[in-house]
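Proteins come first, then strands; the chains are lettered A, B, ... in the order of their sequence lines, and each starts at number 1. Remember, it's a predicted structure, so these values are computed and weren't measured experimentally.
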Amino acid sequence: MYHTRRSLMRYLKNAWYVAALSSEVGPEDLFHRKLLGTNVLLYRKQNGDPVAMRDRCPHRFAPLHLGKRDGDQIVCHYHALKFDCTGQCTHNPHGSGNIPKAAKVPTYPLQEKYGFIWIWMGDEPADPTQLPDYSPLDNGPPTGIGYTHMHMNANYQLMIDNVMDLSHIDHVHGDAISTRGQLSPIIPEVKETERSVFARWEWKQTPPIFVLSHFLPDPQAEARHFFTVEWMPPANIQLSVGGAQGDTPFEQGIGAYDLHTCTPETEDSTHYFFATRRNHLEDDADFNAMKLKAMRDAFELEDGPIIQGVQEEMNGEEFFDLDPVLMSNDIASVKVRRNLLKLLEIEDSKTPQAETAKA
Amino acid sequence: MYHTRRSLMRYLKNAWYVAALSSEVGPEDLFHRKLLGTNVLLYRKQNGDPVAMRDRCPHRFAPLHLGKRDGDQIVCHYHALKFDCTGQCTHNPHGSGNIPKAAKVPTYPLQEKYGFIWIWMGDEPADPTQLPDYSPLDNGPPTGIGYTHMHMNANYQLMIDNVMDLSHIDHVHGDAISTRGQLSPIIPEVKETERSVFARWEWKQTPPIFVLSHFLPDPQAEARHFFTVEWMPPANIQLSVGGAQGDTPFEQGIGAYDLHTCTPETEDSTHYFFATRRNHLEDDADFNAMKLKAMRDAFELEDGPIIQGVQEEMNGEEFFDLDPVLMSNDIASVKVRRNLLKLLEIEDSKTPQAETAKA
Amino acid sequence: MYHTRRSLMRYLKNAWYVAALSSEVGPEDLFHRKLLGTNVLLYRKQNGDPVAMRDRCPHRFAPLHLGKRDGDQIVCHYHALKFDCTGQCTHNPHGSGNIPKAAKVPTYPLQEKYGFIWIWMGDEPADPTQLPDYSPLDNGPPTGIGYTHMHMNANYQLMIDNVMDLSHIDHVHGDAISTRGQLSPIIPEVKETERSVFARWEWKQTPPIFVLSHFLPDPQAEARHFFTVEWMPPANIQLSVGGAQGDTPFEQGIGAYDLHTCTPETEDSTHYFFATRRNHLEDDADFNAMKLKAMRDAFELEDGPIIQGVQEEMNGEEFFDLDPVLMSNDIASVKVRRNLLKLLEIEDSKTPQAETAKA
């Protein structure tokens, strides 16, 4: 019992998580956010490269984001210790100015890719190759992609459950993405590798999904559709949706490629990041803004109350301990939960016992 | 120490509690309320009969009150599982539509009587005979009775203490129900049975209690008065108040019959339900509304701050552990606390150890 | 580990703390405040002497501040038990009026001195001589002194750290008290006795500290300055600041004498009391009010966010357990922390084990 609960409470540490949208950290900002239970300071060097360090001065533990910039360095607001972007203290205005050896702030490796700043907060060396390829986000004009950050009062795994099981969309969401009941009966094709879970639904409907229909040759005629979702650790899901009519292959059809990625703020709250790129009306900034707002509203106003209600009902207990009644539509999301549990156990087994006790 | 505290933390499970006023659950409502620490969904079948089930889908734990009605059935908002009013899943729109054997929501026996919906949330079979007879509430026109629900941030036993010891009324409440100091010196007649505690105060005062005086023959002359309170488990108190002048017996006097009944929401908060029927001006709807408002205000604005202050001062500790200084006016309320502790111990002794540990 | 944490969680009990400003407790008031985790009622007898007792009736634990005055006595609002200012129950309106032997409210010794009401909440006999001499606060007209109370969401030791290490003022505060960088490089003279820690900084600057400069002979010319701080247990710091020009000795210069004193409300929140007397413009009530407001704003708006940020970052852990990087400017505040830990250990060693376990 205790063991299972501990598993729930944790998240993978040695992994790339999104710390912020690239657009959230402006050139002059001292941006801060709680990630994996730790307050993190994010800022940009004068050359634009992002820096992340613990948002806490090693002297008397003042939040560094209350301080100020000095070139690429940060000056603590409390006693003006200065730190460079490796976290090293470079100036102590007190007494003789001697800099104690321990005067160092932990920093975190970053990668800025695909419109996000990705952070590695684990103790193992950061492995850049563990960040999957999300380059489809980069393929197209800026007016063809939307990014957003949402805060959810729920464990991050509930968000993953939601996206990995698209059978909910006809029930939770409105007409804009309704499959008119076609999706639920489908048992998706599910594939699993050591570090991914993939699911694909394919069906026909008349008329096509509303958000795609107006870009298809005949908005009232039957269309073929697909959804794919692919989870990779720790909490990234690529989602593709498409529609085509007649003999047009999906590759030449109308569709979108989205990334849903979650970063635990705490065990009970999550930073939910989302990007969506489409292959139609790519130069229309107004349509882009409208589409992003509609999707964000769907997550926050339609999925949000349900997921946060589930969080409250689960009351901090481990999902499998509560004996959920699982069905065919849960295959992909359950595979993700089991895969994640395995990765957590592996990470746990590498952690010295003393460390675990301390944490 | 641990044992005592556990006792405080609990409430009887195998008992009838009020879940809602009858008027709170309309024909189309998916009403929900936390009772004994569990979220409960309440709704009415098309024939008007009330239904109660756990407000949580057994699939992925979404709150069922977010869903919708389908005749007498409930459709979960998350993945559209449908449940009948026995809690049995009757429709699964996913995959082959197979309904897992475990797809069942716990339901709770109800009785709708005396203007309340009563619920039995324990594991033992519901025993309808354990609901006492409160039929005096039914005797008279609807304009002669008022019902209300209040929420209190205090353990339910503090509300029982309050009503079982009416010696507080001259000190806490205003002139409307003042006994002009007559009540406090009286040591009430107290009777106890295995499942009840009864107390009666009787006295004379001039002028009579204000709320009754205008209905007595001479509003300025001396009147005989009585109060009776009778507690029955788990948390029901019948209260009668009366006044008479001259040779008129109390039975032919002016008075009211009230039911105070509490349902723990959590260990620290309570749903406080109240009904009051009078035998005078029974057809006056305006007077009825005014009287109910005045009584509700007395509970919320006069008793409320004191009781919630006591809750804060007790800080989750067991009443007897705090060594209260008890006096003659505490006889009835202390008897209720001891009786309740005994019933809790009996219930506890029937619960398998594993269950207790889990709870 | 457990032991260290316990140390942090505590505060000295057998010590004089400020319960309130003298001005906060008016002649008719039933003032209440949580001090050292306990709710305390404060009021004045008809002769003006202050009284402090636990804000909780021993009968059913109602907060006494909800009650009313009867001469020098307090009547509980719930059941009208009356208590004199020794906490003894003097009247019971119930039944035969018998007063149970245990019907007594704990009272706390007080001293009203220097514009504050000081309280002793420990079990050992109050020792009036342990209240240090802060009589400089009394030397001058009322328009030459300002008093204030602030509430801080932080452990009281973080406030002491702040005042004992004045090296922060050039970094945290604005131009009004800037030393133009002169202060930080100075390693203060620090003296320690068994029950005090003293630090003194002395330096020259041009122009002088702004808040003093206009009262010096030449507001633009160099001045000699000093700061002294002296901590005494549990949480009192006398602070003196002065400036002089030419051959004028500090004793004849311009300056102020302040008392900073903290009373833990809980382990994580503090009542921060402050008094400041100056030796210039002593009869100017408007200047007095303006100066007090400016200082209060500095504490609340400039120190406050940093200290409360530190509190959040420390997350309830013991300061030394977090391995702070200490520097020359920390000498005095670290000596205070170590002195306080020693006093806490002494107090702890006198407490019977059973008591400790209970607490």
Side-chain angles (χ1 to χ4, degrees), chain B residues 1 154-155 157-162 164-174 178-190 199 201 301-334 337, chain C residues 30 32-41 53-70 73-83 87-106 265-267 353-359:
Chain B
M1 188 71 168
N155 182 276
Q157 294 191 59
L158 296 178
M159 250 74 74
I160 301 177
D161 287 343
N162 179 261
M164 287 305 287
D165 174 12
L166 293 176
S167 74
H168 75 277
I169 64 174
D170 279 357
H171 315 300
V172 173
H173 301 298
S178 174
T179 72
R180 305 182 189 278
Q182 301 298 310
L183 197 74
S184 285
I186 302 169
I187 298 181
E189 172 200 1
V190 175
W201 294 258
L301 306 180
E302 295 173 359
D303 294 302
I306 296 175
I307 291 173
Q308 296 178 52
V310 170
Q311 170 77 25
E312 201 190 318
E313 274 301 324
M314 289 180 63
N315 195 23
E317 302 230 24
E318 162 62 37
F319 181 69
F320 293 116
D321 285 354
L322 288 170
D323 296 326
V325 172
L326 298 172
M327 305 184 303
S328 59
N329 59 321
D330 297 299
I331 297 171
S333 51
V334 164
R337 281 193 174 262
Chain C
L30 292 183
H32 67 109
R33 179 167 275 162
K34 184 173 278 189
L35 303 169
L36 311 194
T38 296
N39 288 318
V40 174
L41 169 74
M53 60 178 74
R54 182 153 193 187
D55 188 18
R56 161 168 145 171
C57 182
H59 172 222
R60 283 191 168 273
F61 314 127
L64 289 172
H65 77 266
L66 297 175
K68 59 185 182 198
R69 304 283 301 263
D70 179 8
Q73 305 193 67
I74 301 297
V75 181
C76 177
H77 191 30
Y78 204 175
H79 299 93
L81 293 194
K82 192 184 291 185
F83 301 93
Q88 176 60 53
C89 180
T90 60
H91 183 64
N92 167 10
H94 303 283
S96 62
N98 178 51
I99 294 172
K101 216 174 154 187
K104 217 171 168 334
V105 184
E265 178 186 54
T266 66
E267 289 139 7
Q353 281 308 309
E355 279 293 306
T356 309
K358 210 166 147 189

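The greatest number of non-hydrogen atom pairs below 4.5 Å with chain C, out of B:I186, B:I169, B:D165, is found for B:D165. Ranked by non-hydrogen atom pairs under 4.5 Å with chain C, the options B:S167, B:S328, B:P305, B:G181 are led by B:S167. In terms of heavy-atom pairs under 4.5 angstrom with chain C, the leader among B:D170, B:D330, B:I307 is B:D330. Contact tally against chain B (heavy-atom pairs below 4.5 Å) for C:R56, C:K101, C:K104: the top residue is C:R56. Most heavy-atom pairs under 4.5 Å with chain B: of the set C:S96, C:A103, C:C57, C:P58, this distinction falls to C:P58. The candidate with the highest count of non-hydrogen atom pairs below 4.5 Å against chain B, out of C:N98, C:T38, C:L81, is C:L81.
Annotation: side chain of B:E312 is in contact with side chain of C:N39 (closest heavy-atom distance under 4.5 Å). Side chains of C:V40 and C:R33 form no contact here, defined as non-hydrogen atoms less than 4.5 Å apart. Here the side chains of B:P324 and C:R60 are not in contact, with every heavy-atom distance at 4.5 Å or above.
Contact of C:I99 with chain B is not made at all, since no heavy-atom distance falls under 4.5 Å.
With a 6.0 Å cutoff to the six-membered ring centre and a 45° limit on the axis angle, B:R337 counts as a cation-pi contact of B:F319.
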Pairs of donor and acceptor atoms involving the side chains of residues 62-69 of chain C, under 3.5 Å and at least two apart or interchain, shall be tabulated with distances.
unit_1: C:H65; atom_1: ND1; unit_2: C:D55; atom_2: OD2; d: 2.6
unit_1: C:H65; atom_1: NE2; unit_2: C:H32; atom_2: NE2; d: 3.3
unit_1: C:R69; atom_1: NH1; unit_2: C:P27; atom_2: O; d: 3.1
unit_1: C:R69; atom_1: NH1; unit_2: C:R44; atom_2: O; d: 3.3
unit_1: C:R69; atom_1: NH2; unit_2: C:R44; atom_2: O; d: 2.6
unit_1: C:R69; atom_1: NH2; unit_2: C:G71; atom_2: O; d: 3.4

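B:H173 and B:D303 share a side-chain donor-acceptor pair at under 3.5 Å.
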